[in-house]
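Naming convention: chains lettered A, B, ... in sequence-line order (proteins, then strands); numbering from 1 in each chain. Just the heavy atoms: all of them, side chains too, but no hydrogens, waters or symmetry mates, feed the values below. Just so it is clear, the structure is predicted and the values come from calculations on it, not from any experiment.
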Amino acid sequence: MRVYNTLSSKKEEISTLNPHKVNMYVCGPTTYNYIHLGNARPLVVFDTVRRYLAFRGYEVKYVQNFTDVDDKIINRAREEGDDPLLLAQRYIEEYFKDADALGIKRADIHPRVSQHIPEIVAAIQTLVEKGFAYEMEGDVYFRVRAFHDYGKLSGRSLEDMLAGARVEVDERKENAADFALWKAARPGEPAWKSPWGEGRPGWHIECSVMSTNYLGDTLDIHGGGSDLIFPHHENEIAQAEALTGKPFVKYWMHNGFITVNNEKMSKSLGNFFILRDILAQYPADVVRFYLIATHYRSPLDFDDGKLEEARKALGRLKTTLLLAAEFLNDDLPQAAEIKGKALDFVGAVANYRNEFIEAMDDDFNTAKAIASVFEISHCINSYLAAANRGDAMDQAAVKAAVAIYQELGDVLGIFMKQAKNEETLLAGVLEILVWLRKEARTARNFALADNIRDFLKNLGISVEDGEHGSRLRYEESPQIDELMVYLLSLRQEFKAHKDYARSDSLRDKLKEQGIILEDSREGARWKFADV
RNA sequence: GGGCGGGUGGCGAAGAGGCUAACGCAGUGGUCUGCAAAAUCACCAUUCACCGGUUCAAAUCCGGUCCCGCCCUCCA
């Protein structure tokens, strides 16, 4: 496996400290509001990296921090008249809602700055003792000049930085590039006791301390957005290596940015899209698909059309799952041996699986890996078109192929089950049944009307006909699948009697409710419109 | 100004010296179908920002030019 290492600016063969394990640290959010799509990219990217490493047999230890002590949190809290730590806590909870919805596996540890103050203070003290830091009126600064490798990650020298300095330099600092490790408390801010008086940690020190605290002096992989390379990650290296004297990180991974109209999506530009607003419109796996259809280091431009395209593309992949599920019949015996055409088919699928692995092994090339998934989708679709549902060998072959297909889709996290909106869909389907019954009664087709009522009664749903239409009463929610099976059997009846007007209007009604019908030889299958 | 990365069909996006320049979206034609959808088969870049160079061979390497993004300030 190879990974692009920002530190060396090239792809390197991955060789972890322990051959079977990977230690991974990813910079998490500063929790002062909801996360936006740009924040979601590293989440999905590194979640995919993690899944893939696990797929390749690594035991992954994953740590992601929360910055819950920070200027922006304090400012926000002040605006809202809230306590900074409580506000941060609230947005951590909101963060988890979003991340869970996106199918992001929780980190093994989610450390917070506020819970690691003693360790941070101790680290700063050591840095002062070693001559890497100095105190100044209650502030403590890192002495950049004392750390000779400073700039090795971002590829710039101290001179470069000073040449381009856009910030007003604090005259008290020994060097303009020195950065704060500890900030003296100002009134009304959260503060902790320290040898330099009351104060709070600077932004960079938390990551150095918490990552090494949980993962050891040297991490295998450290990830984050590419805007963190300088100064954040550069400073992390300086702090950690000054502390331990050992290399801090073996492989630095940085994801590219999401842009809107070719401008970085950011809070300061105001051109950001809140993740949960997007998730209200598009299923999570569509969002994941969109985010990994481009290589993680490339910039990714966002507009509505992109998600729409992702939805269509992913819908194609999921149709294969649907077609296969319809074909597979667990009641039939399976052939012990797969040979001939069936063997060629399974072989082709296995071959694309290898291509998938090759692509992912090469710096997590998800875009290329997805191409292999599409190839498998094609293989399965075409095989299905000619396969015989009663053939034991066909059954076995399709089952084997689908297992591979599902496995790869799961590694990418793009085959999520859609549990959401079940309630709405259910209500919609019931409404259609009521409508159908009303039509039948108007046409004096009482056989059909009664049939519908009896069916509903069997499910524990009573129909009450009143002046203004019919009402349904039920204690327990019926299974939407049962309703659909019944509805489709009615439609088959209509079609058998060449009553296309009615079968088509039924199809249209379902479409309005977000359920799409596709007729096939065996009957009709249904799927949700949003994927 | 300094550092980093990039410009590939109508659109998105892989490819990083030599196979027909993947894959997806959109589009066109055929099969299937009562219709639609889905699926399927076929077609859809002689050319990879531009100009030079290296090489038997360049989208891929080198030099130059023009554009674009990111970082140098909090940001994923």
Using a heavy-atom cut-off of 4.0 Å across all strands, would you classify [X] as base, sugar-phosphate, or nothing?
| X | answer |
| --- | --- |
| Ser503(A) | base |
| Glu308(A) | nothing |
| Lys495(A) | base |
| Asn381(A) | sugar-phosphate |
| Gly224(A) | sugar-phosphate |
| Ala313(A) | sugar-phosphate |
| His254(A) | nothing |
| Ile258(A) | base |
| His295(A) | sugar-phosphate |
| Gly28(A) | nothing |
| Phe374(A) | sugar-phosphate |
| Asp519(A) | base |
| Asn39(A) | base |
| Ile229(A) | nothing |

Measure centre to centre between the rings of [X] and [Y], then say whether the value is under 6.0 Å.
| X | Y | result |
| --- | --- | --- |
| Tyr34(A) | Tyr91(A) | yes |
| Tyr500(A) | Phe494(A) | no |
| Tyr4(A) | Tyr251(A) | no |
| His36(A) | Phe273(A) | no |

As a test of reading the structure: which of [options] is closest to the side chain of [X], going by heavy atoms?
| X | options | value |
| --- | --- | --- |
| Glu375(A) | A22(B), A13(B), G24(B) | A22(B) |
| Lys368(A) | C75(B), A37(B), G15(B) | G15(B) |
| Arg316(A) | G15(B), C25(B), A76(B) | C25(B) |
| Leu323(A) | A14(B), A39(B), A76(B) | A39(B) |
| Tyr4(A) | A14(B), G5(B), C25(B) | G5(B) |
| Lys312(A) | G34(B), C25(B), G2(B) | C25(B) |
| Phe230(A) | C71(B), G15(B), A39(B) | C71(B) |

Look at the rings of His254(A) and His233(A) and say which category their plane angle falls in: under 30° parallel, 30 to 60° tilted, over 60° perpendicular.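 Geometry flag for His233(A) against His254(A): tilted rings.
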
Could you label the plane-to-plane angle of the Tyr150(A) and Phe179(A) rings as parallel, tilted or perpendicular, counting under 30° as parallel and over 60° as perpendicular?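 Because their plane-to-plane angle is under 30°, the rings of Tyr150(A) and Phe179(A) count as parallel.
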
Nearest-nucleotide 5' precedence on RNA chain B, Asp301(A) against Pro29(A):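 Taking each residue's closest nucleotide, the earlier one in sequence belongs to Asp301(A).
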
Nearest-nucleotide wise, let me know which of Met265(A) and Ser298(A) is further upstream toward the 5' end of RNA chain B.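 Checking each residue's closest nucleotide, the 5'-ward one belongs to Ser298(A).
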
Are any of Ser382(A)'s side-chain N or O atoms less than 4.0 Å away from OP1 or OP2 of C41(B)?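 Indeed, a polar side-chain atom of Ser382(A) lies that close.
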
Lys511(A) side chain near A37(B) phosphate (N/O to OP1/OP2, under 4.0 Å):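 Checking Lys511(A) against A37(B): no side-chain N or O falls below 4.0 Å of OP1 or OP2.
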
Using a distance-only test with no angle check, is there a side-chain donor-acceptor pair under 3.5 angstrom linking Thr31(A) and Asp68(A)?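 Side-chain D/A pair, Thr31(A) to Asp68(A): absent.
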
For atom [atom1], what is the distance between [N] and [M], given to the nearest Å?
| N | M | atom1 | result |
| --- | --- | --- | --- |
| G2(B) | C50(B) | C1' | 26 Å |
| C43(B) | A57(B) | C1' | 30 Å |
| U47(B) | U60(B) | C1' | 13 Å |
| C48(B) | A21(B) | C1' | 8 Å |
| A45(B) | G15(B) | C1' | 14 Å |
| G9(B) | G24(B) | C1' | 13 Å |
| C74(B) | C67(B) | C1' | 29 Å |
| C51(B) | A42(B) | P | 36 Å |

Between the base of [N] and the side chain of [X], is there any donor-acceptor pair under 3.5 Å?
| X | N | answer |
| --- | --- | --- |
| Asp504(A) | G34(B) | yes |
| Glu309(A) | G12(B) | no |
| Lys264(A) | C75(B) | yes |
| Arg507(A) | C35(B) | yes |

Honestly, is Arg50(A) close enough over Tyr62(A), meaning NZ or CZ under 6.0 Å from the six-membered ring centre and within 45° of the axis?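 Yes; both conditions hold, so Arg50(A) lies above the ring face of Tyr62(A).
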
Given that both distances must come in under 3.5 Å, which nucleotide forms a Watson-Crick or G-U wobble pair with [N]?
| N | answer |
| --- | --- |
| C23(B) | G12(B) |
| G69(B) | C4(B) |
| U60(B) | none |
| G29(B) | C41(B) |

Asp100(A)/Arg106(A) under salt bridge (charged side-chain N to carboxylate O under 4.0 Å, His left out): CA gap, chis, key distance, verdict: CA-CA 8 Å; Asp100(A) 290 349; Arg106(A) 297 222 175 175; 2.7 Å; yes

Tell me whether Phe257(A) and G69(B) count as stacked here, given that the ring centres must be under 5.5 Å apart and the planes must differ by less than 30 degrees.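 Whether judged by distance or by angle, Phe257(A) falls short somewhere, so it does not stack on the base of G69(B).
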
